[in-house]
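Working notes for the structure below.
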Amino acid sequence: MLVSEDLVGSLNDAAKAAHDDEFGALGRKLQRRGVDIEAVVARAMAWSVAVPTWGVGTGGTRFARFPGRGEPRGIHDKLADCGVIQQLTRGTRTVSPHIPWDKVSDYNALRQEAAQYGLGFDAVNSNTFQDQVDQGLSYRYGSLANARSDIRAQAVAHNIECIEIGKALGAPALTVWIGDGTNFAGQQSLGRMFENYLSAMEEVYAALPPSMAMFIEHKMYEPAFYSTVISDWGSSLMAAQALGPQAKCLVDLGHHAPNVNIEQIVARLVHVGRLAGFHFNDSKYGDDDLDAGSVDPFRLFLVFNELVEAELSGAKGFNPSYMIDQSHNVTDPIESLMGSAVEIARAYVQASLVDRKTLAESQEANDVMAAHRTLKAGFLTDVSPILAEARMRQGGAYDPIAAYRASGYRDRVAKERPEVKGSSSGIV
Ligand code: LRH
Ligand code: MN
């Protein structure tokens, strides 16, 4: 274990009396609503969200990145940090890798290394939005949608390599996000760029084994600022339907204009059985990659309301991947990721408490206020005792961030890992 189990145990013991009192009170409250708290704890224990390997290093913007203490040097340090997050939250059993940032020579060994921390792998992310030192052709003017077929071919080859890596890691999918687009009207044909993208993705799709899906991630803008090839869920869905049944649409919460009704996009993708999953984060303006639930927890709850509705109604092909995608510019990434994992689990449990029978009846009756209040009652329920109980029953921490701070893990790795001086720029 990366953090002393005795320490976690003693901190949990210290919190036990207060926790048991609050857990008991919530149990009685839910019982009055006809809800068995044990059934909800079981759902919370089964819940898990994937951690992005690139999220455990300090993030940055185009202006600057201010490295913290004990920055992970590579995938091996990143897996250890993800191991701490899983040990204390018991709700982040998988990690989502990014290639080539996490490239190694032996992926079977990497799979075993992750397993020793109780970790598996979720979707593998390809990267044709940066040029690598050993790369022949530049992606400056795009990758899978580039006007030049040789550059598209290079990007196809990279994605097929990621599929092979995914097979070795036992990953359920390849995530393809491309920054391709234009900064000037006329710079490229908007129609031809999409056609180029589709023909290139057909080659990638053809390389998928039956066990892997393809997740298409849309984004409104950035790094392109006039047009983006896969800019919205409509373009993503058109591409997925053109490619085949293994292609689905990934929703990164930060990839929409402010105030876009993302929960309705989720409902639409559920309707057609093409919801790949999520990159959870929060934002106020653009793709801010802030901690999930830190700006608009009600919106996160509303997204989960659609997900729980789909799950409980047995929606066709409903099997989304839940992943975090954040950039931690001013906090300890491990603390932010643990905090976000808890807030995402919170939204899932709150949405699980919604009285769906009463909600449907109120909607049938067009009793607007009753419907809204029934939905909101889930959000207004403080489910913290259920989340803590679910963590502790699995050996996790009553308060993951407090336990992490008490463990001195950051001080320890700061001694082992060389200090990163100066500030570079960019997301990682
Ligand atoms: C693009 C994105 C994508 C990742 C990258 C790190 O903004 O959300 O999912 O590849 O961030
Ligand atoms: Mn993303």
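Since we're looking at a predicted model, the values are computed, not measured. Atoms within a ligand are numbered from 1 in the order they appear, just like the ligands themselves.
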**Presence of salt bridge, R410 and E335, under 4.0 angstrom** = no
**Asked** Do D355 and R373 meet the salt-bridge criterion of a basic N to acidic O distance under 4.0 Å?
**Response** no
**Item:** Atom pair CD1/OG1 of I216 and T175 - distance to nearest 0.5 Å
**Value:** 10.5 Å
**Asked** Are F298 and F379 near enough that their ring centres are under 6.0 Å apart?
**Response** yes
**Prompt:** Of all residues at least two apart in sequence or in a different chain, which pass the side chain to side chain donor-acceptor pair (under 3.5 Å) check with S138?
**Reply:** D131
**Message:** Using a strict threshold of under 4.0 Å (side-chain N to carboxylate O), is an ion pair present between D296 and K284?
**Reply:** no
Under a 3.5 Å threshold, I'd like every N/O contact between ligand 1 and protein atoms, with atom names and distance.
unit_1	atom_1	unit_2	atom_2	d
ligand 1	7 (O)	K219	NZ	2.9
ligand 1	7 (O)	H255	NE2	3.2
ligand 1	7 (O)	D287	OD2	3.1
ligand 1	8 (O)	E217	OE2	3.1
ligand 1	8 (O)	D252	OD2	3.1
ligand 1	8 (O)	H255	NE2	3.2
ligand 1	8 (O)	D325	OD2	2.7
ligand 1	9 (O)	E217	OE1	2.7
ligand 1	9 (O)	E217	OE2	2.8
ligand 1	9 (O)	H279	ND1	3.2
ligand 1	9 (O)	D325	OD2	3.1
ligand 1	10 (O)	H98	NE2	2.8
ligand 1	11 (O)	D325	OD2	3.4

**Complete:** Which atom of E217 is nearest the Mn ion (ligand 2), counting N, O or S only? It is OE2
**Request:** Would you mind naming the N, O or S atom of D252 nearest to the Mn ion (ligand 2)?
**Result:** OD2
**Message:** Suppose you place the vertex at the Mn ion (ligand 2); what is the angle out to H279 ND1 and D325 OD2, to 10°?
**Reply:** 100°
**Message:** Tell me if a side-chain donor or acceptor on D288 pairs with a main-chain N or O of G286 at a distance below 3.5 Å.
**Reply:** yes
